[in-house]
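Here's the structure we're looking at; comments come further down.
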Amino acid sequence: MREQQARFEELVLPHLDAAYRLARLLLKRDEDAQDVVQDAYIKALKGFERFRGGDARAWILMIVRNTAFTWLKKHYADRDVIPFDEAVHQPSTEESLSESAYEERSRQLREALARLPVEFREILVLRDVEGWSYKELASALHLPLGTVMSRLNRARLHLREEIAKVQPKES
Amino acid sequence: MKCEEVHHFIDAYLDGELDSARRVELEEHLAECASGRSLLEERQAFRAFFVATVQEYKAPPQLEAKVLAAMRRVPAKEKFSFWRQPWIYATAVVVMSICLALKILFPDAEKEFSRQAVLRHSSSLSTSHFVDVASPNPVIVKPWLTARLDFAPPLVGSPATGYSLVGGRVDVIENRSVATVVYKHDQDVVSLFCWPPDKEHLSTSERSMDGYRVATWSNAQCNYVLVSKLSNSAMHDFMDSFRVRIQSGAYF
(Lines give C-alpha, C1' and ligand atoms only; values in the text may rest on other atoms or scores of the structure.)
Protein backbone atom coordinates (compact mmCIF):
# COMPACT_ATOMS: atom_id res chain seq x y z
CA MET A 1 0.00 0.00 0.00
CA ARG A 2 2.90 2.35 0.69
CA GLU A 3 4.30 1.79 -2.78
CA GLN A 4 0.88 2.44 -4.28
CA GLN A 5 0.75 5.79 -2.50
CA ALA A 6 4.32 6.54 -3.51
CA ARG A 7 3.48 5.63 -7.09
CA PHE A 8 0.44 7.88 -7.00
CA GLU A 9 2.46 10.79 -5.66
CA GLU A 10 5.14 10.23 -8.29
CA LEU A 11 2.62 10.06 -11.10
CA VAL A 12 0.22 12.79 -10.14
CA LEU A 13 2.00 15.34 -7.95
CA PRO A 14 4.07 16.82 -10.80
CA HIS A 15 0.84 18.11 -12.34
CA LEU A 16 -0.08 20.20 -9.35
CA ASP A 17 0.58 23.47 -11.18
CA ALA A 18 -1.58 22.47 -14.14
CA ALA A 19 -4.27 21.30 -11.74
CA TYR A 20 -4.19 24.54 -9.78
CA ARG A 21 -4.21 26.60 -12.99
CA LEU A 22 -7.31 24.90 -14.31
CA ALA A 23 -9.07 25.17 -10.97
CA ARG A 24 -8.08 28.83 -10.64
CA LEU A 25 -9.44 29.66 -14.06
CA LEU A 26 -12.68 27.87 -13.42
CA LEU A 27 -13.24 29.17 -9.90
CA LYS A 28 -11.51 32.55 -10.22
CA ARG A 29 -10.42 32.66 -6.57
CA ASP A 30 -7.17 31.34 -5.16
CA GLU A 31 -8.63 29.94 -1.92
CA ASP A 32 -11.40 28.08 -3.72
CA ALA A 33 -8.98 26.73 -6.30
CA GLN A 34 -6.74 25.37 -3.52
CA ASP A 35 -9.69 23.67 -1.83
CA VAL A 36 -10.83 22.09 -5.08
CA VAL A 37 -7.32 20.88 -5.93
CA GLN A 38 -7.03 19.23 -2.51
CA ASP A 39 -10.42 17.54 -2.89
CA ALA A 40 -9.57 16.43 -6.41
CA TYR A 41 -6.28 14.86 -5.32
CA ILE A 42 -7.98 12.99 -2.50
CA LYS A 43 -10.65 11.75 -4.90
CA ALA A 44 -7.96 10.71 -7.34
CA LEU A 45 -6.10 8.83 -4.61
CA LYS A 46 -9.22 6.96 -3.60
CA GLY A 47 -9.94 6.06 -7.19
CA PHE A 48 -6.36 5.22 -8.13
CA GLU A 49 -7.06 1.52 -8.73
CA ARG A 50 -9.37 2.50 -11.52
CA PHE A 51 -6.54 4.38 -13.28
CA ARG A 52 -5.34 2.02 -15.96
CA GLY A 53 -2.22 3.94 -16.91
CA GLY A 54 -1.96 6.39 -19.78
CA ASP A 55 -2.00 10.13 -19.46
CA ALA A 56 -1.90 10.84 -15.74
CA ARG A 57 -2.02 14.57 -16.35
CA ALA A 58 -5.21 14.40 -18.39
CA TRP A 59 -6.67 12.07 -15.77
CA ILE A 60 -6.04 14.39 -12.84
CA LEU A 61 -7.15 17.44 -14.85
CA MET A 62 -10.48 15.78 -15.57
CA ILE A 63 -10.94 15.01 -11.88
CA VAL A 64 -10.09 18.63 -11.05
CA ARG A 65 -12.52 19.82 -13.67
CA ASN A 66 -15.36 17.65 -12.39
CA THR A 67 -14.62 18.58 -8.78
CA ALA A 68 -14.64 22.27 -9.77
CA PHE A 69 -18.01 22.01 -11.48
CA THR A 70 -19.50 20.14 -8.55
CA TRP A 71 -18.14 22.86 -6.28
CA LEU A 72 -19.59 25.60 -8.48
CA LYS A 73 -22.99 23.93 -8.54
CA LYS A 74 -22.91 23.65 -4.79
CA HIS A 75 -21.75 27.16 -3.98
CA TYR A 76 -23.23 29.33 -6.67
CA ALA A 77 -26.58 29.22 -8.40
CA ASP A 78 -25.40 31.56 -11.12
CA ARG A 79 -21.92 30.34 -11.94
CA ASP A 80 -20.70 33.49 -13.58
CA VAL A 81 -21.39 35.87 -10.74
CA ILE A 82 -18.22 34.87 -8.94
CA PRO A 83 -15.99 37.60 -7.61
CA PHE A 84 -12.72 37.59 -9.43
CA ASP A 85 -9.53 37.60 -7.43
CA GLU A 86 -6.73 39.19 -9.37
CA ALA A 87 -3.74 38.19 -7.28
CA VAL A 88 -1.34 35.97 -9.11
CA HIS A 89 1.17 33.96 -7.15
CA GLN A 90 4.58 35.19 -8.05
CA PRO A 91 7.55 35.85 -5.85
CA SER A 92 6.84 39.40 -4.82
CA THR A 93 9.52 41.82 -5.89
CA GLU A 94 9.55 45.40 -4.65
CA GLU A 95 6.24 47.22 -4.87
CA SER A 96 6.08 49.08 -8.13
CA LEU A 97 3.74 52.01 -8.47
CA SER A 98 3.16 51.45 -12.11
CA GLU A 99 3.15 48.12 -13.80
CA SER A 100 4.94 47.54 -17.06
CA ALA A 101 2.98 47.59 -20.27
CA TYR A 102 3.28 43.84 -20.48
CA GLU A 103 2.01 43.35 -16.95
CA GLU A 104 -0.88 45.66 -17.70
CA ARG A 105 -1.84 43.71 -20.78
CA SER A 106 -1.60 40.48 -18.84
CA ARG A 107 -3.84 41.84 -16.15
CA GLN A 108 -6.34 43.00 -18.74
CA LEU A 109 -6.33 39.59 -20.35
CA ARG A 110 -6.94 37.88 -17.01
CA GLU A 111 -9.80 40.24 -16.29
CA ALA A 112 -11.27 39.68 -19.73
CA LEU A 113 -11.00 35.92 -19.21
CA ALA A 114 -12.81 36.22 -15.91
CA ARG A 115 -15.72 37.85 -17.68
CA LEU A 116 -16.17 34.88 -19.97
CA PRO A 117 -18.66 32.11 -19.18
CA VAL A 118 -16.98 29.19 -17.43
CA GLU A 119 -17.38 26.81 -20.40
CA PHE A 120 -15.41 29.21 -22.58
CA ARG A 121 -12.62 29.52 -20.05
CA GLU A 122 -12.49 25.77 -19.67
CA ILE A 123 -12.21 25.00 -23.35
CA LEU A 124 -9.63 27.73 -24.00
CA VAL A 125 -7.33 26.46 -21.26
CA LEU A 126 -7.64 22.81 -22.23
CA ARG A 127 -7.14 23.54 -25.88
CA ASP A 128 -4.43 26.25 -25.87
CA VAL A 129 -2.57 25.67 -22.61
CA GLU A 130 -2.92 21.89 -22.26
CA GLY A 131 -2.88 21.26 -26.02
CA TRP A 132 -5.78 18.82 -26.17
CA SER A 133 -7.02 17.89 -29.62
CA TYR A 134 -10.61 18.50 -30.73
CA LYS A 135 -11.25 14.77 -30.36
CA GLU A 136 -9.85 14.68 -26.84
CA LEU A 137 -11.93 17.70 -25.90
CA ALA A 138 -15.07 16.11 -27.34
CA SER A 139 -14.45 12.92 -25.35
CA ALA A 140 -13.48 14.61 -22.07
CA LEU A 141 -16.24 17.22 -22.12
CA HIS A 142 -18.84 14.82 -23.52
CA LEU A 143 -19.54 17.06 -26.50
CA PRO A 144 -19.99 16.35 -30.18
CA LEU A 145 -17.03 17.40 -32.30
CA GLY A 146 -19.04 20.14 -33.99
CA THR A 147 -19.89 21.69 -30.63
CA VAL A 148 -16.22 21.67 -29.63
CA MET A 149 -15.31 23.60 -32.75
CA SER A 150 -18.13 26.09 -32.50
CA ARG A 151 -17.55 26.62 -28.78
CA LEU A 152 -13.87 27.30 -29.41
CA ASN A 153 -14.74 29.78 -32.13
CA ARG A 154 -17.20 31.59 -29.91
CA ALA A 155 -14.84 31.53 -26.93
CA ARG A 156 -12.02 33.05 -28.94
CA LEU A 157 -14.32 35.66 -30.45
CA HIS A 158 -15.70 36.61 -27.04
CA LEU A 159 -12.22 36.91 -25.58
CA ARG A 160 -11.10 39.16 -28.42
CA GLU A 161 -14.17 41.35 -27.93
CA GLU A 162 -13.62 41.58 -24.16
CA ILE A 163 -10.03 42.58 -24.64
CA ALA A 164 -10.92 45.09 -27.36
CA LYS A 165 -13.08 46.86 -24.79
CA VAL A 166 -9.97 47.72 -22.77
CA GLN A 167 -7.37 47.63 -25.47
CA PRO A 168 -8.91 49.21 -28.54
CA LYS A 169 -5.52 49.24 -30.28
CA GLU A 170 -5.38 45.41 -30.18
CA SER A 171 -7.87 43.52 -32.33
CA MET B 1 -8.88 30.00 -50.83
CA LYS B 2 -10.17 33.54 -50.51
CA CYS B 3 -9.23 36.06 -47.84
CA GLU B 4 -12.54 35.78 -45.95
CA GLU B 5 -12.07 32.03 -45.78
CA VAL B 6 -8.62 32.47 -44.26
CA HIS B 7 -10.23 34.26 -41.32
CA HIS B 8 -12.55 31.27 -40.90
CA PHE B 9 -9.84 28.60 -40.96
CA ILE B 10 -6.90 30.31 -39.33
CA ASP B 11 -7.59 29.12 -35.78
CA ALA B 12 -8.17 25.53 -36.79
CA TYR B 13 -4.93 25.76 -38.77
CA LEU B 14 -3.06 26.94 -35.70
CA ASP B 15 -4.74 24.16 -33.69
CA GLY B 16 -3.29 21.66 -36.16
CA GLU B 17 -6.76 20.36 -36.92
CA LEU B 18 -7.10 21.33 -40.54
CA ASP B 19 -7.21 18.43 -43.00
CA SER B 20 -4.27 18.28 -45.38
CA ALA B 21 -6.15 19.59 -48.44
CA ARG B 22 -7.34 22.72 -46.66
CA ARG B 23 -3.97 23.18 -44.99
CA VAL B 24 -2.20 23.24 -48.34
CA GLU B 25 -4.78 25.69 -49.75
CA LEU B 26 -4.30 27.99 -46.78
CA GLU B 27 -0.53 27.90 -46.95
CA GLU B 28 -0.61 28.59 -50.67
CA HIS B 29 -2.87 31.58 -50.08
CA LEU B 30 -0.67 32.93 -47.28
CA ALA B 31 2.39 32.67 -49.53
CA GLU B 32 0.75 35.27 -51.77
CA CYS B 33 -1.25 37.35 -49.28
CA ALA B 34 0.43 39.86 -46.96
CA SER B 35 -2.72 40.67 -44.98
CA GLY B 36 -3.28 36.96 -44.47
CA ARG B 37 0.26 36.59 -43.14
CA SER B 38 -0.16 39.47 -40.75
CA LEU B 39 -3.40 37.95 -39.45
CA LEU B 40 -1.55 34.68 -38.88
CA GLU B 41 1.22 36.44 -36.93
CA GLU B 42 -1.30 38.38 -34.90
CA ARG B 43 -3.20 35.24 -33.91
CA GLN B 44 0.00 33.35 -33.14
CA ALA B 45 1.24 36.19 -30.94
CA PHE B 46 -2.04 36.37 -29.10
CA ARG B 47 -1.99 32.65 -28.42
CA ALA B 48 1.52 32.80 -27.04
CA PHE B 49 0.53 35.73 -24.88
CA PHE B 50 -2.59 33.91 -23.70
CA VAL B 51 -0.62 30.81 -22.75
CA ALA B 52 2.09 32.82 -20.98
CA THR B 53 -0.50 34.80 -19.03
CA VAL B 54 -2.40 31.72 -17.91
CA GLN B 55 0.82 29.98 -16.97
CA GLU B 56 1.56 32.76 -14.53
CA TYR B 57 -0.97 31.07 -12.29
CA LYS B 58 1.19 28.66 -10.37
CA ALA B 59 0.30 26.50 -7.41
CA PRO B 60 1.10 28.49 -4.27
CA PRO B 61 4.11 27.12 -2.36
CA GLN B 62 2.10 25.69 0.52
CA LEU B 63 -0.40 23.86 -1.68
CA GLU B 64 1.83 20.86 -2.27
CA ALA B 65 2.33 20.37 1.45
CA LYS B 66 -1.40 20.78 2.05
CA VAL B 67 -2.28 18.23 -0.62
CA LEU B 68 0.27 15.72 0.68
CA ALA B 69 -0.99 16.13 4.22
CA ALA B 70 -4.60 15.70 3.11
CA MET B 71 -3.72 12.57 1.15
CA ARG B 72 -1.84 11.05 4.05
CA ARG B 73 -4.84 11.60 6.29
CA VAL B 74 -6.96 9.34 4.09
CA PRO B 75 -7.30 6.09 6.05
CA ALA B 76 -5.48 3.22 4.38
CA LYS B 77 -8.55 1.13 3.82
CA GLU B 78 -10.24 3.92 1.90
CA LYS B 79 -7.30 4.20 -0.43
CA PHE B 80 -6.63 0.86 -1.93
CA SER B 81 -9.41 -1.11 -0.47
CA PHE B 82 -9.87 -4.65 -1.67
CA TRP B 83 -13.57 -3.98 -1.53
CA ARG B 84 -13.46 -1.29 -4.19
CA GLN B 85 -12.42 -3.62 -6.96
CA PRO B 86 -15.39 -4.01 -9.25
CA TRP B 87 -14.99 -7.76 -9.67
CA ILE B 88 -15.68 -8.20 -5.97
CA TYR B 89 -19.26 -7.10 -6.47
CA ALA B 90 -19.84 -9.34 -9.45
CA THR B 91 -18.54 -12.29 -7.45
CA ALA B 92 -20.60 -11.32 -4.40
CA VAL B 93 -23.76 -11.18 -6.49
CA VAL B 94 -23.06 -14.62 -7.92
CA VAL B 95 -22.30 -16.10 -4.51
CA MET B 96 -25.41 -14.56 -2.98
CA SER B 97 -27.57 -15.79 -5.83
CA ILE B 98 -26.28 -19.31 -5.37
CA CYS B 99 -26.87 -19.19 -1.62
CA LEU B 100 -30.35 -17.86 -2.16
CA ALA B 101 -31.07 -20.54 -4.73
CA LEU B 102 -29.84 -23.20 -2.34
CA LYS B 103 -31.93 -21.76 0.48
CA ILE B 104 -34.99 -21.88 -1.71
CA LEU B 105 -34.26 -25.36 -2.97
CA PHE B 106 -33.15 -26.77 0.34
CA PRO B 107 -34.89 -24.83 3.06
CA ASP B 108 -33.92 -26.04 6.52
CA ALA B 109 -32.17 -29.06 5.12
CA GLU B 110 -31.19 -30.36 8.51
CA LYS B 111 -34.81 -30.30 9.63
CA GLU B 112 -35.75 -32.84 6.98
CA PHE B 113 -32.78 -35.01 7.88
CA SER B 114 -33.77 -34.75 11.52
CA ARG B 115 -37.32 -35.76 10.77
CA GLN B 116 -36.33 -38.84 8.81
CA ALA B 117 -33.72 -39.82 11.39
CA VAL B 118 -36.42 -39.64 14.06
CA LEU B 119 -38.66 -41.89 11.96
CA ARG B 120 -35.88 -44.47 11.57
CA HIS B 121 -35.11 -44.33 15.26
CA SER B 122 -38.67 -44.64 16.44
CA SER B 123 -39.40 -47.46 14.00
CA SER B 124 -36.36 -49.34 15.27
CA LEU B 125 -37.74 -48.99 18.77
CA SER B 126 -41.25 -50.06 17.87
CA THR B 127 -40.02 -53.15 16.06
CA SER B 128 -37.32 -53.72 18.68
CA HIS B 129 -35.00 -54.23 15.76
CA PHE B 130 -32.18 -51.96 16.75
CA VAL B 131 -29.28 -53.35 14.80
CA ASP B 132 -28.40 -55.60 11.91
CA VAL B 133 -24.99 -56.34 13.33
CA ALA B 134 -24.99 -56.77 17.07
CA SER B 135 -21.70 -56.51 18.93
CA PRO B 136 -20.15 -54.29 21.59
CA ASN B 137 -16.87 -54.55 19.70
CA PRO B 138 -16.18 -51.83 17.16
CA VAL B 139 -13.70 -54.14 15.43
CA ILE B 140 -16.67 -56.27 14.35
CA VAL B 141 -19.23 -53.54 13.71
CA LYS B 142 -17.06 -51.28 11.57
CA PRO B 143 -16.10 -53.68 8.78
CA TRP B 144 -19.69 -54.87 8.58
CA LEU B 145 -20.86 -51.32 7.98
CA THR B 146 -18.00 -50.47 5.66
CA ALA B 147 -18.80 -53.50 3.50
CA ARG B 148 -22.36 -52.37 2.98
CA LEU B 149 -21.72 -48.64 2.48
CA ASP B 150 -19.24 -46.90 0.25
CA PHE B 151 -17.68 -45.09 3.18
CA ALA B 152 -16.08 -45.97 6.52
CA PRO B 153 -17.92 -44.41 9.45
CA PRO B 154 -15.75 -43.54 12.45
CA LEU B 155 -16.68 -45.95 15.20
CA VAL B 156 -16.35 -44.91 18.80
CA GLY B 157 -16.55 -47.86 21.18
CA SER B 158 -17.45 -46.05 24.34
CA PRO B 159 -18.45 -42.55 23.52
CA ALA B 160 -19.11 -41.53 27.11
CA THR B 161 -19.28 -43.07 30.54
CA GLY B 162 -22.25 -45.33 30.92
CA TYR B 163 -22.81 -45.85 27.23
CA SER B 164 -22.21 -49.17 25.53
CA LEU B 165 -22.16 -50.09 21.88
CA VAL B 166 -25.11 -52.17 20.80
CA GLY B 167 -24.22 -52.52 17.15
CA GLY B 168 -24.97 -50.99 13.80
CA ARG B 169 -27.40 -50.90 10.92
CA VAL B 170 -27.81 -49.30 7.53
CA ASP B 171 -30.61 -46.80 7.01
CA VAL B 172 -31.78 -44.60 4.17
CA ILE B 173 -32.27 -40.92 4.90
CA GLU B 174 -33.10 -38.49 2.12
CA ASN B 175 -32.00 -41.02 -0.48
CA ARG B 176 -28.64 -41.45 1.17
CA SER B 177 -27.37 -44.68 2.62
CA VAL B 178 -26.29 -43.87 6.14
CA ALA B 179 -24.50 -45.75 8.89
CA THR B 180 -26.47 -45.96 12.12
CA VAL B 181 -24.52 -46.74 15.24
CA VAL B 182 -26.67 -47.66 18.24
CA TYR B 183 -25.68 -47.14 21.86
CA LYS B 184 -27.45 -47.91 25.12
CA HIS B 185 -27.42 -45.99 28.38
CA ASP B 186 -29.49 -47.61 31.06
CA GLN B 187 -32.90 -47.71 29.46
CA ASP B 188 -32.19 -45.13 26.78
CA VAL B 189 -31.39 -46.08 23.22
CA VAL B 190 -29.29 -43.64 21.20
CA SER B 191 -29.07 -43.71 17.41
CA LEU B 192 -26.18 -41.92 15.81
CA PHE B 193 -26.59 -41.55 12.07
CA CYS B 194 -23.63 -40.58 9.92
CA TRP B 195 -22.75 -40.20 6.26
CA PRO B 196 -20.11 -38.36 4.24
CA PRO B 197 -20.64 -34.59 3.76
CA ASP B 198 -20.39 -34.83 -0.02
CA LYS B 199 -23.68 -33.30 -1.01
CA GLU B 200 -24.20 -31.04 1.96
CA HIS B 201 -22.74 -29.92 5.26
CA LEU B 202 -25.34 -30.28 7.93
CA SER B 203 -25.67 -27.20 10.04
CA THR B 204 -25.58 -27.48 13.82
CA SER B 205 -29.06 -27.68 15.28
CA GLU B 206 -31.12 -29.08 18.07
CA ARG B 207 -34.82 -29.64 18.21
CA SER B 208 -37.55 -31.79 19.66
CA MET B 209 -39.60 -33.95 17.37
CA ASP B 210 -42.27 -36.44 18.38
CA GLY B 211 -40.92 -36.50 21.91
CA TYR B 212 -37.34 -37.20 20.87
CA ARG B 213 -34.36 -34.90 21.11
CA VAL B 214 -32.53 -34.65 17.78
CA ALA B 215 -29.23 -32.87 17.22
CA THR B 216 -27.35 -32.35 13.98
CA TRP B 217 -23.78 -31.31 13.26
CA SER B 218 -21.01 -32.06 10.84
CA ASN B 219 -17.25 -32.07 10.47
CA ALA B 220 -14.89 -32.74 7.57
CA GLN B 221 -15.55 -36.47 7.80
CA CYS B 222 -19.25 -36.83 8.45
CA ASN B 223 -22.69 -35.37 8.81
CA TYR B 224 -24.14 -36.51 12.14
CA VAL B 225 -27.66 -36.82 13.46
CA LEU B 226 -28.20 -37.92 17.04
CA VAL B 227 -31.62 -39.10 18.17
CA SER B 228 -32.62 -40.18 21.65
CA LYS B 229 -34.93 -39.56 24.56
CA LEU B 230 -32.05 -38.42 26.74
CA SER B 231 -32.33 -35.22 28.66
CA ASN B 232 -30.79 -32.09 27.18
CA SER B 233 -27.77 -32.17 29.41
CA ALA B 234 -27.22 -35.87 28.79
CA MET B 235 -27.37 -35.23 25.05
CA HIS B 236 -24.76 -32.48 25.35
CA ASP B 237 -22.49 -34.66 27.48
CA PHE B 238 -22.74 -37.41 24.92
CA MET B 239 -21.99 -35.08 22.02
CA ASP B 240 -19.05 -33.46 23.80
CA SER B 241 -17.47 -36.75 24.74
CA PHE B 242 -18.06 -38.18 21.31
CA ARG B 243 -16.46 -35.18 19.61
CA VAL B 244 -13.46 -35.31 21.93
CA ARG B 245 -12.85 -38.93 21.02
CA ILE B 246 -13.20 -38.19 17.32
CA GLN B 247 -10.77 -35.30 17.58
CA SER B 248 -8.24 -37.26 19.58
CA GLY B 249 -8.45 -40.17 17.17
CA ALA B 250 -9.87 -42.59 19.75
CA TYR B 251 -12.00 -44.45 17.31
CA PHE B 252 -11.88 -47.23 14.81
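Proteins get letters first, then strands, A, B, ... in listed order; numbering begins at 1 in each.
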Quick one: pull up [atom1] in [X] and [atom2] in [Y] and give me the separation to the nearest 0.5 Å.
{"X": "F50(B)", "Y": "I163(A)", "atom1": "CZ", "atom2": "CD1", "answer": "9.0 Å"}
{"X": "D11(B)", "Y": "M149(A)", "atom1": "CG", "atom2": "CE", "answer": "12.5 Å"}
{"X": "Y20(A)", "Y": "E64(B)", "atom1": "OH", "atom2": "CD", "answer": "14.5 Å"}
{"X": "Q38(A)", "Y": "L63(B)", "atom1": "CD", "atom2": "CG", "answer": "6.5 Å"}
{"X": "D17(A)", "Y": "Q55(B)", "atom1": "CG", "atom2": "CD", "answer": "9.5 Å"}
{"X": "D35(A)", "Y": "K66(B)", "atom1": "CG", "atom2": "NZ", "answer": "7.0 Å"}

Quiz prompt | Largest heavy-atom contact set with chain A, pairs under 4.5 Å, which of V54(B), V51(B), L68(B) | solution = V54(B)
Quiz item: Looking at Y102(A) and A52(B), what are the two nearest heavy atoms and their distance?
Solution: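 Nearest pair, atom of Y102(A) first, then A52(B): OH-CB, 3.7 Å.
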Quiz item: For the residue pair M71(B) and F8(A), what are the closest heavy atoms and their distance?
Solution: SD-CE2, 3.2 Å
Is the count of non-hydrogen atoms from other residues, nucleotides or ligands lying under 6.0 Å from [X] atom [atom1] greater than 12?
{"X": "H236(B)", "atom1": "NE2", "value": "yes"}
{"X": "N175(B)", "atom1": "CG", "value": "no"}
{"X": "H158(A)", "atom1": "NE2", "value": "no"}

Quiz item: Checking heavy atoms, do the side chain of L113(A), its backbone, both or neither come under 4.5 Å from chain B?
Solution: side chain
Quiz prompt | Side chain, backbone, both or neither of L16(A) within contact of chain B (heavy atoms, under 4.5 Å) | solution = both
Practice problem: May I ask you to say whether E56(B) pairs ionically with R24(A), meaning some side-chain N is under 4.0 Å from a carboxylate O? | Solution: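 Salt bridge: no.
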Quiz item: Considering only heavy atoms from C-beta outward, does the side chain of R156(A) approach that of F46(B) to under 4.5 Å?
Solution: no
Quiz item: Does D15(B) reach the side chain of D128(A), with side-chain heavy atoms less than 4.5 Å apart?
Solution: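 With C-beta onward as the side chain, the pair touches.
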Practice problem: Please answer whether the main-chain N or O of Y134(A) pairs with a side-chain N or O of E17(B) as donor and acceptor at a distance below 3.5 Å. | Solution: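 Yes: the side chain of E17(B) pairs with the backbone of Y134(A).
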Quiz item: Using non-hydrogen atoms only, which part of A12(B) is less than 4.5 Å away from chain A: side chain, backbone, both, or neither?
Solution: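 Both backbone and side chain.
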Quiz item: Heavy atoms under 4.5 Å from chain A: which residues of residues 241-252 of chain B carry them?
Solution: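 Within residues 241-252 of chain B, no residue comes under 4.5 Å from chain A.
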Practice problem: Find the one option among V129(A), L25(A), I42(A), L109(A) whose heavy-atom pairs under 4.5 Å with chain B are most numerous. | Solution: L109(A)
